[in-house]
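Some notes on the structure that comes next.
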Protein chains: 2
Amino acid sequence: MTEQHQLDKLDRQILNILQDDATTPLAEIAERVHSSPATCQRRIRQMQNDGVILKQVALVNPTAVGRSLSVFVAVEVESQNPMLLDKFVRSLDKENDVVSCYEISGEHDYLLLVHAENMTSYHQLTRRIFTSDNNVRAFKSQFIMDFNKVETKITL
Amino acid sequence: MTEQHQLDKLDRQILNILQDDATTPLAEIAERVHSSPATCQRRIRQMQNDGVILKQVALVNPTAVGRSLSVFVAVEVESQNPMLLDKFVRSLDKENDVVSCYEISGEHDYLLLVHAENMTSYHQLTRRIFTSDNNVRAFKSQFIMDFNKVETKITL
DNA sequence: TATGAAACCTGATATCT
DNA sequence: AGATATCAGGTTTCATA
């Protein structure tokens, strides 16, 4: 998480590969970027230390694990008081179905991504966290009907 | 990608671990779930074949790779003609800055996540793809001011 | 039929030039 | 930075319940 030197072409090529498949062996990476395994290894470690690579994770199919209802929820808060905003955000940590929370500009304040088991459990979730007690004035559910493109990759 | 048997507790525990850190050694996984490395290995392979685990990827910090402007774009299309919808979605594939595209219910049709270098490059992107030629009636940019919680993990 | 122990072998890491 | 040696850890086999 130290200060980062500018990424060069080699770094970017390695990142493109690892963002597609983090299990790619160093020997294959080296071949594809025309370098050596040792050099690739050093670059990767450097980028991990610099916080360029945040972590390596397994991506799971929500439907296959019983979360077949996915929703973007646009939330409008009652008060912009920092303590109340913080309280709202922290209340999401306990909620397994809330995968992400972004603070956004515009008419809404937050955009959440939720993976729920079904409509009943989603409804219960909304009753639990989108309350005026929790500093929420209003919320709008945008149900995801199709995942046309869901990448985590930032192509460089 | 075959038909999937029901996931048991062991599978779910393994998924929770791999969604946090896909580099966790099998020996450590085995210890934490009170099983053996061989069994954990077999379960993981099974879930990969069943499409429960989609892939393993490196997550990259957008800011650290020069994409410091992140935007959710709500897009409303002109026509619901399937061919035109498909054409719009396919036009996004070429765009490196467009990370995901969800088809949603409500007043808008699509929600895109974009990681752009800066406002200038984002503006150029909007001129390129959010055009009436591309079946777009209107779009609304929701700039991300803070990533309060950005997970890929579906806690089981 | 699924598990755990142990052998085996690939590939990650450290050292040296 | 690249080549080599070492060692950790992933994979296969086999025995067992």
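Proteins come first, then strands; the chains are lettered A, B, ... in the order of their sequence lines, and each starts at number 1.
When the options A:V75, A:L84, A:D109 are evaluated for a side-chain contact (heavy atoms from CB on, under 4.5 Å) with A:N135, the one that passes is A:L84. Here the options are B:V52, B:I44, B:L10, the test is side-chain contact (heavy atoms from CB on, under 4.5 Å), and the partner is B:L15; only B:V52 passes.
Contacts with DNA chain C (heavy atom under 4.0 Å) in residues 12-37 of chain B: B:S35, B:S36, listed by number.
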For nucleotides 14-17 of chain C, which of its nitrogen or oxygen atoms have a protein nitrogen or oxygen under 3.5 Å away, and what is each distance?
residue	atom	partner	partner atom	Å
C:dA14	OP2	A:R45	NH2	3.2

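A:Y110 has its ring centre no less than 6.0 Å from the ring centre of A:Y102.
Using modelled atom types, no side-chain atom of B:E78 and backbone atom of B:S132 make a donor-acceptor pair closer than 3.5 Å. Listed for the B:R67 side chain is no donor-acceptor partner under 3.5 Å among the backbone atoms of B:E117.
Counting heavy atoms of neighbouring residues, nucleotides and ligands inside a 6.0 Å radius, atom CD of A:E31 does not exceed 12 of them.
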* **Worked check of ring-ring contact (aromatic ring centres under 6.0 Å, His included) between B:F143 and B:Y122** => CA-CA 11 Å; B:F143 297 100; B:Y122 176 64; 5.7 Å; yes
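Here A:D8 pairs with A:R43 under the salt bridge (charged side-chain N to carboxylate O under 4.0 Å, His left out) rule; sequence neighbours left out.
Taking atom CG of B:D11 as the reference point, atom C1' of C:dA2 lies 12 Å away to the nearest angstrom. The distance from atom CZ of A:R43 to atom C1' of D:dA1 is 10 Å, rounded to the nearest whole Å.
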